[in-house]
Each structure stands twice: as C-alpha cells, then as structure tokens.
There are 2 protein chains.
Amino acid sequence: MQERSAIASSATEDYVKVIYSHTEWQPEPITSSVLAARLGLAPSSVTEMVKKLAAAGLATHVPYGAVTLTSEGRSLALRMLRRHRLIETWLVESFGYGWDEVHDEAEVLEHAVSDRFLEAIAGKLGHPLRDPHGDPIPRADGSVEQPDAVLLADAPDGFSGPVVRISDRDPALLQYLGDQGFALDSVVTVVERRPFGGALAVRLDGAGFDLGDEATRAVWLGAGSS
Amino acid sequence: MQERSAIASSATEDYVKVIYSHTEWQPEPITSSVLAARLGLAPSSVTEMVKKLAAAGLATHVPYGAVTLTSEGRSLALRMLRRHRLIETWLVESFGYGWDEVHDEAEVLEHAVSDRFLEAIAGKLGHPLRDPHGDPIPRADGSVEQPDAVLLADAPDGFSGPVVRISDRDPALLQYLGDQGFALDSVVTVVERRPFGGALAVRLDGAGFDLGDEATRAVWLGAGSS
DNA sequence: CCTATAATTTCGGTGTGCCGAAAATACGTG
DNA sequence: CACGTATTTTCGGCACACCGAAATTATAGG
Ligand SMILES: [Mn+2]
Ligand SMILES: [Mn+2]
Ligand SMILES: [Mn+2]
Ligand SMILES: [Mn+2]
C-alpha cells in the first residue's frame, strides 16, 4: 500500500496545476523548461521537484522527456483549478475585481481556503462552469466541460466565432482587450492576415482591430463559420 | 538606515500576533515557554525565532526573560489581528459559521488575503470594532478600543456584568458556552464560589450554572456592579 | 555516422523554520 | 548563600524548496 494521498504543499499544488493546464487547450505535453518558465523557477529546481512529484505518485517523468500527470495528479490538479477559478469568479462577481486583477489574488487564496468555504462560495455563485476568462471550472466530483475552440492565431481568414477563452496569463493584455470591448461570447471575425508575419485584422461589434502575435495567441474562438 | 519593513513570513506574523495578544487582556508579559505552548512549537524553536524577530527590529528579548514587541512589531501585530478578527467576523456574518468554527479558517486566511480584499470585507461589514468573541478589531490606522474587563475567575461574589469577551482558543469550550446561552453582552452574575477550589456558580438569564476553572478563565465581564 | 548545440539533470550549496538532547542560567528553599 | 529544579538557550541536524555551475544527454545538420 502506498502513501494515502497526503496533504500537498502549495508548491506541489502549483506544479500539478501548471502541468495539467498546459494541455488544456493544446495537446502538447509540457517539458521541464516550459514548466520552469511558467512557474518562474530555474530548470534545475523543476527537475528536482518533478522527481518528488513522481515519488509521491502524482506525475511520471521520462528523463529528458515530458512530464505527465498520473490520475492522482490529475485529480489534484482539477481540485486546484476548481479552487482557482471559483475564487476568480467570486472576486469578479462579489467584489468588483476586473478580470485582469483576479489572478494574483486567486493564486494565493486557492491554497488557503477550506473546502467548506469554497463550496459555500460555489453555492453563492450558482455553481458556475466557467471562470471570468472562459476557463472551465471542474465540478467537485472532478468532471470538466472542455469547450472545443480554435486559437485565434490559427483561425483561417473569414472565420467567425464567439470568444470562448482569453488566457489570463498577462494582465496587461487582458486589460487592453477588455478596453477594446473583448468579452466572453462576443463574436470575432478574422478579416485578413497581414503579410510577412504581420498583424491579424479582425472585426468585433462592427469595429476593426489589428491584433499582434501575443494577442492572437491568447484568444480562443468557439464553433463558428468560415 | 535599517531594513525597510520587509514582507514578513507567516511564521513571523504568527509570532508577533501571539506576543501582542497575550498582553491584551492581562498585563503579564510573555515568556518563551508560554509562547512556545501557544504556537504549538518546541521552546528551542521559539528562542531561535525570537532572535530573528529581534534582528528584524520587531521584538526585544532579554535572555532568559520576557519577549516584548518594538513599536514596529506592535504595528505588525495589530495589522494581523485586524486581519484575523475581520475575517472571523465575516465568516460568521456572511457564511453562517459558528463562533467556534471560525478560528482555524481565519488563522490561514489572515496570511493570504490582500489589503484590498480585506478592506472590501471591512466595508461590507460596516467596519466593526469587535469580533465574534469580543476581541477588539484594530482600525486600519492601528488604533484600538480595548474594553475594560474582569476575568470571570477573578470577579468577586455578587459581581454582575455583561460578557465582553470569550477566549476563542478552545472551540469545544466556545461551543459549550454557546449552547448554554452565553453570548456577547449577555449579563452574568457571580453567585457563589464553591469551597476548596470548586466551581463558580453563576447566573445567566435567570438560569444557574456551575462553571469550572477552564470556563471562568475564558470569560471576561465588563463594567458591572458588586 | 559524427558532432555541435540546446535542453536537461546532477551536484554542492543556501535560507527558513523546525526538532531533541545537552548545556547554561535563574530562582526558590533550606 | 548554596544547591537542586525548572526554564531557557545552544548545538547539531533535518525537511523543504530553491539556485547556479558543471556534467550529461538528446538531436539535428552536415
Ligand atoms: Mn488565473
Ligand atoms: Mn482564470
Ligand atoms: Mn481567533
Ligand atoms: Mn476571535
């Protein structure tokens, strides 16, 4: 019999959360260096910690290869994402935070609130299934509704569809896009791809924008039409 | 020029909080061993940590003597007590927690919430000045209203006064007292002290109780009459 | 197939906060 | 005032999570 799922440190919680969420909207498995970059840590630190995750039965790791979660690791990750995203939603709904202001606060609170408290806010919010950025909120039983979506950067000319998700990694970008009128469910149409790796021209509510690489790699569009 | 008040670790925050609150209702300064007991740590750990607090300018310590806070330590303590007690109040008022259920959750959250968040809940609560246990909530500017009070164990026979504070250290005791009808502002009268270190007979809302040592050392009464 | 380069891991080391055992100190009693 | 006891401190050590430098491994181009 192995270690009965012991209480994870907040470092452990952050690792599995990042490992899981990396493959949420894209299939590419995560490598040590990407994991290090996302966590803001040195690669050597990550290698060591990943070994500990493996020893704890949360991850598997082929040396020099990708890091994958075990089913136990996945359920811890889903638990943490539920926490993170419910807290973000609650900060927006109940405290008037902007969608560009919630991430850092949630990043800390997700490790601190009790299950009782978390389920209380889930109830107050009516058990929402997506957070302010369109990321799916796993249910308490670990099930998730993952929407089909196309990265705006990959959408063909003429494609049109609702905004399904905007990555919350860069608050400044979120604020910019919010100011421009981008919101979940607003419909975006790809007008034209400027030549030589230039910007992507899109239309939103009748208005036109040129979006750079960073922006088009942060926005996902749902089932639409070409 | 010394270290500009650096961000304190949650260990540091807990130490100054306990040091300060020990002299809140009683004048006796705190010693290493009492501090260790309150924190649930070994005395040797406390000695070392107190040295670090002193080095950080938060406390002063006469070897083999008492631990005292500097003004900087005191203001950090007040900041933490404001956090702890506002969070406790909020859990009771907005989440239906019982007064015996809030302490542990607050103990964690006090280190995690941002100032913005804390002041938001303070506003929602109407800037209360005492928590569910009667402990004063310091204002954001660091000022406190400390009520005059007598420990029930020290009150003379015939003394009568409103409950001003009940220590939140023992949840089981809080629950018991709550079940018996004890609440802030309910009036308690000391009837008689049973001989040979026995219980203390009190009256509350017409009903009589015999309270043991632990209970009478946890309840404070306000200005009353003999 | 061989090698240069980039990614990854290993290794020695750090800071924080904790512990138990042993040594030092304080203090009440005789 | 001296001594035994209780308190406090010192000391060596540990767990956790991190780092940079050096060593190792993968792999892509020639
Ligand atoms: Mn987020
Ligand atoms: Mn989010
Ligand atoms: Mn409390
Ligand atoms: Mn309290």
Side-chain angles (χ1 to χ4, degrees), chain A residues 2-19 22-23 28-69 73 76-77 80 107-108 110-112, chain B residues 3-19 22 28-69 73 76-77 80 107-108 110-112:
Chain A
Q2 73 177 28
E3 192 67 24
R4 198 139 289 292
S5 76
I7 354 91
S9 66
S10 49
T12 296
E13 293 176 343
D14 283 336
Y15 274 80
V16 296
K17 197 165 50 103
V18 172
I19 296 167
H22 186 257
T23 47
E28 293 152 38
I30 197 165
T31 64
S32 277
S33 50
V34 173
L35 186 46
R38 293 272 186 283
L39 289 165
L41 301 173
S44 56
S45 308
V46 170
T47 299
E48 283 184 342
M49 191 66 182
V50 164
K51 264 192 286 191
K52 290 178 195 165
L53 295 182
L58 296 168
T60 54
H61 183 219
V62 193
Y64 296 94
V67 181
T68 327
L69 293 177
L76 177 58
M80 293 315 296
E107 200 59 47
V108 179
E110 64 188 4
H111 308 292
Chain B
E3 193 66 23
R4 198 140 289 294
S5 77
I7 353 89
S9 66
S10 50
T12 297
E13 292 176 344
D14 283 336
Y15 274 81
V16 296
K17 197 164 51 101
V18 172
I19 296 168
H22 186 256
E28 294 152 38
I30 198 167
T31 63
S32 277
S33 49
V34 174
L35 185 47
R38 293 273 186 283
L39 290 165
L41 300 174
S44 56
S45 308
V46 170
T47 299
E48 282 184 342
M49 191 64 183
V50 165
K51 264 193 284 192
K52 290 177 193 164
L53 295 182
L58 295 169
T60 55
H61 183 218
V62 193
Y64 295 93
V67 182
T68 327
L69 293 177
L76 177 59
M80 293 314 297
E107 201 58 48
V108 180
E110 65 188 3
H111 307 291

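Residue numbers start from 1 in every chain, and the chains themselves are labelled A, B, ... in the order their sequence lines are given, proteins ahead of strands.
Between A/His111 and A/Glu107, the shortest heavy-atom distance links the atoms CD2-O, 3.1 Å. The heavy-atom pair separating A/Thr23 from A/Glu28 by the smallest distance is CG2-O, 3.2 Å. Scanning all heavy atoms of the two residues, the minimum distance from A/Met80 to A/Glu13 falls at CE-OE1, 3.4 Å. Between A/Gly73 and A/Val16, the closest heavy-atom pair is O-CB, 4.1 Å. Closest non-hydrogen pair, A/Leu69 versus A/Ala77, comes out as CD1-CB, 4.0 Å.
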Listing time: all N or O pairs from protein to nucleotides 14-17 of chain D that are below 3.5 Å?
| residue | atom | partner | partner atom | Å |
| --- | --- | --- | --- | --- |
| D/dA17 | OP1 | A/Ser9 | OG | 2.5 |

Contacts under 3.5 Å, N or O only, protein and nucleotides 23-25 of chain C:
| residue | atom | partner | partner atom | Å |
| --- | --- | --- | --- | --- |
| C/dT25 | O4' | B/Tyr64 | OH | 3.2 |

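Applying the side-chain hydrogen bond (donor to acceptor under 3.5 Å, both in side chains) rule to A/Thr60 yields no partners; only residues at least two apart in sequence or on another chain are considered. Judged as a side-chain hydrogen bond (donor to acceptor under 3.5 Å, both in side chains), and not counting sequence neighbours, A/Ser10 has no contacts. Taking the side-chain hydrogen bond (donor to acceptor under 3.5 Å, both in side chains) definition, one finds that A/Thr47 meets it with nothing, sequence neighbours left out. For B/His22, the side-chain hydrogen bond (donor to acceptor under 3.5 Å, both in side chains) criterion is met by no residue, not counting sequence neighbours. Annotation: side-chain contact (heavy atoms from CB on, under 4.5 Å) contacts of B/Ala66 (sequence neighbours excluded): B/Pro29.
Residues from residues 30-37 of chain A that place a heavy atom under 4.0 Å from any atom of DNA chain D: there are none.
Between B/Ser45 and the phosphate of C/dC18, there is no side-chain N or O to OP1/OP2 separation shorter than 4.0 Å.
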Which pairs would a plain distance check flag for residues 48-56 of chain A, meaning a side-chain donor or acceptor within less than 3.5 Å of a matching protein atom at least two apart in sequence or in another chain?
none

Bracket notation of DNA chain D in which parentheses pair within the strand, [ ] cross earlier pairs, and | pairs with another strand (Watson-Crick or G-U, under 3.5 Å): ||||||||||||||||||||||||||||||
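With rounding to whole Å, A/His61 atom NE2 is found 12 Å from D/dT25 atom C1'. The NZ-C1' distance, from B/Lys51 to D/dT9, rounds to 7 Å in whole Å.
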Step-by-step side chain to side chain contact (heavy atoms under 4.5 Å, CB included) determination, A/Leu76 to A/Tyr15: CA-CA 10 Å; A/Leu76 177 58; A/Tyr15 274 80; over 6 Å; no
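For the atom pair B/Thr31 OG1 and B/His61 NE2, the distance stands at 8.5 Å (nearest 0.5 Å).
Put simply, the side chain of A/Ser44 and the base of D/dG20 share a donor and an acceptor less than 3.5 Å apart.
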